[in-house]
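Take a look at the structure set out below.
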Amino acid sequence: MNHIDLNPLIGLGLTNLEAEIYAFLLAHSPATGYGIAKGIAKPTANTYKALESLQSKGAIIIDDSQTRLCRAVPMEELFGIFQRKFDSFKSEARSELAKIERAPDDSRIYQLQSMDQVISRFRGMFAKARRKIVLDFFPLPAMELRRDILAASERGVSILMKLYLSMDLPGVETVVTNNGPQMVERWPGQWANGVFDGEEYLLAFLSRDGRQVHQAVWSNNQYLSWIYY
């Protein structure tokens, strides 16, 4: 079996052994539990236990014969199972969490550590914006959040945006920096800075490939937000 990174499968909810078995079965279906254990060099008892778990998760199917041959479901089918399960849990979690009385906002400055946090926080801010957004975005974060920017503009939110490369953003007032391409080439990263309704802001300095966060801060301190605004 070709060596692949199993971490994405593990991130979707499989254990390390389950991910290894599923990947093996994609290439070697159908196979017996014993054959799988031998193929991945894992203890038979552990392998059979993992096969039961994979069957319950919908990742494999097992025939009714005495040989109990196992087959991996197609990966798109598996992704659909994961998506439906996630959507169900998300809906239930939203319903339960809505019962909690929210803590009041404060004016502290908070660090964001991951790209997922930065993008999710920006998307939430775009969705909440009512009046005016001021942005200063390098190309990668601008592309990542383009749909959210346009959605806010289409709702009637006024957006003023500084760019470093020209981008098609109908309805958004843009200013393209004259030496933008040179800045993008020479700067050791990409930034995404935004102030929303003069009430909250997010300043993020990202890696050049836009995948990692060097530093990012968010606050709804209205004094600081108004200054940036």
Side-chain angles (χ1 to χ4, degrees), residues 1-100 110-124 140-141 143-145 147-148 188-190 192 204-216 218:
M1 182 176 69
N2 295 334
H3 175 73
I4 63 170
D5 182 5
L6 297 175
N7 285 319
L9 271 176
I10 295 169
L12 288 173
L14 299 185
T15 67
N16 188 70
L17 179 55
E18 289 170 354
E20 194 169 352
I21 291 172
Y22 178 78
F24 176 85
L25 281 173
L26 277 180
H28 300 95
S29 288
T32 63
Y34 175 77
I36 296 166
K38 185 177 179 181
I40 62 176
K42 290 294 190 296
T44 304
N46 293 352
T47 299
Y48 276 108
K49 186 175 181 180
L51 285 169
E52 290 179 7
S53 178
L54 283 169
Q55 185 182 28
S56 70
K57 292 176 179 178
I60 67 170
I61 51 177
I62 302 177
D63 80 353
D64 291 332
S65 68
Q66 288 185 339
T67 56
R68 301 283 289 167
L69 289 170
C70 306
R71 173 176 290 279
V73 303
M75 59 181 175
E76 291 303 328
E77 182 177 330
L78 179 63
F79 295 155
I81 291 170
F82 285 142
Q83 185 64 57
R84 287 189 294 275
K85 185 176 181 181
F86 174 80
D87 289 342
S88 175
F89 280 128
K90 182 175 72 171
S91 177
E92 292 176 16
R94 178 182 286 117
S95 177
E96 291 303 313
L97 293 173
K99 300 174 184 177
I100 300 174
Y110 290 94
Q111 298 275 347
L112 304 182
Q113 300 295 330
S114 70
M115 191 60 183
D116 284 341
Q117 280 186 314
V118 169
I119 295 300
S120 294
R121 180 54 58 100
F122 264 126
R123 284 186 170 143
L140 284 180
M143 286 300 300
E144 179 72 25
L145 291 161
R147 186 175 299 177
D148 304 273
Q190 304 229 4
F205 180 45
L206 315 171
S207 60
R208 288 184 64 89
D209 61 7
R211 295 179 180 178
Q212 297 180 333
V213 175
H214 293 316
Q215 187 172 10
W218 168 86

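As a basis for the values below, the full set of heavy atoms in this structure was taken, side chains included, without hydrogen atoms, waters or symmetry mates.
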The salt bridge (charged side-chain N to carboxylate O under 4.0 Å, His left out) partners of K99 (sequence neighbours excluded) come to E96
- Query: Does the side chain to side chain contact (heavy atoms under 4.5 Å, CB included) test come out yes or no for L206 and L140, once each step is laid out?
  - Reply: CA-CA 10 Å; L206 315 171; L140 284 180; over 6 Å; no
Rounded to the nearest 0.5 angstrom, the CG-NZ distance for L12 and K85 is 11.0 Å
Interatomic distance, CD@E18 vs CG@N16, rounded to 0.5 Å, equals 9.5 Å
N46 side chain near L17 side chain, heavy-atom distance below 4.5 Å = yes
Taken to the nearest 0.5 Å, the spacing of H214 NE2 from F205 CZ works out to 5.0 Å
Taking every heavy atom of R68 against every heavy atom of I62, the minimum-distance pair comes out as CZ-CG2, 3.7 Å
Within 6.0 Å of OH in Y110, more than 12 heavy atoms from elsewhere
yes
Does D64 CG have over 12 foreign heavy atoms under 6.0 Å away?
no
Note: R211 and M115 closest approach over all heavy atoms is O-CB, 3.5 Å
Q) Taking side chain as C-beta onward, heavy atoms only, is I4 less than 4.5 Å from L6? A) yes
Taken to the nearest 0.5 Å, the spacing of F82 CZ from L78 CG works out to 4.0 Å
Legend entry - Any donor-acceptor N or O pair under 3.5 Å, side chains Q190, S207: no
Closest non-hydrogen contact found for I60 with A72 is CG2-CA, 4.1 Å
Taken in chain and number order and not counting sequence neighbours, the residues that satisfy side-chain contact (heavy atoms from CB on, under 4.5 Å) with R123 are I119, E144, L145, D148
query: Short question: side chain of S56, backbone of S53 - any donor-acceptor pair under 3.5 Å?
result: yes
Between K57 and L14, is any pair of side-chain heavy atoms under 4.5 Å apart? yes
Quick one, M75 and Y22 - any side-chain contact, counting heavy atoms below 4.5 Å? yes
Heavy-atom nearest pair, L26 first then V73, reads CD2-O, 4.1 Å
- Item | D116 backbone acceptor or donor facing S120 side chain under 3.5 Å | yes
Check your understanding: If we only count heavy atoms from C-beta on, is the I21 to I40 side-chain gap below 4.5 Å?
Key -> yes
Rounded to the nearest 0.5 angstrom, the CH2-CG distance for W218 and L112 is 9.0 Å
Should I10 and T15 count as side-chain neighbours, where that means a heavy-atom distance under 4.5 Å? no
Are there more than 12 heavy atoms of other residues, nucleotides or ligands under 6.0 Å from atom CD of Q55?
yes
Heavy atoms of A192 and F122 approach each other most closely as O-CZ, 3.5 Å
Under 3.5 Å: donor-acceptor pair, side chain of S91, backbone of D87
no
Counting neighbours of CZ on R208 that are heavy atoms of other residues, nucleotides or ligands and sit closer than 6.0 Å, is the number greater than 12?
yes
Note: A37 and T47 closest approach over all heavy atoms is CB-OG1, 3.5 Å
dist L54:CG -> C70:SG (nearest 0.5 Å) comes out at 9.0 Å
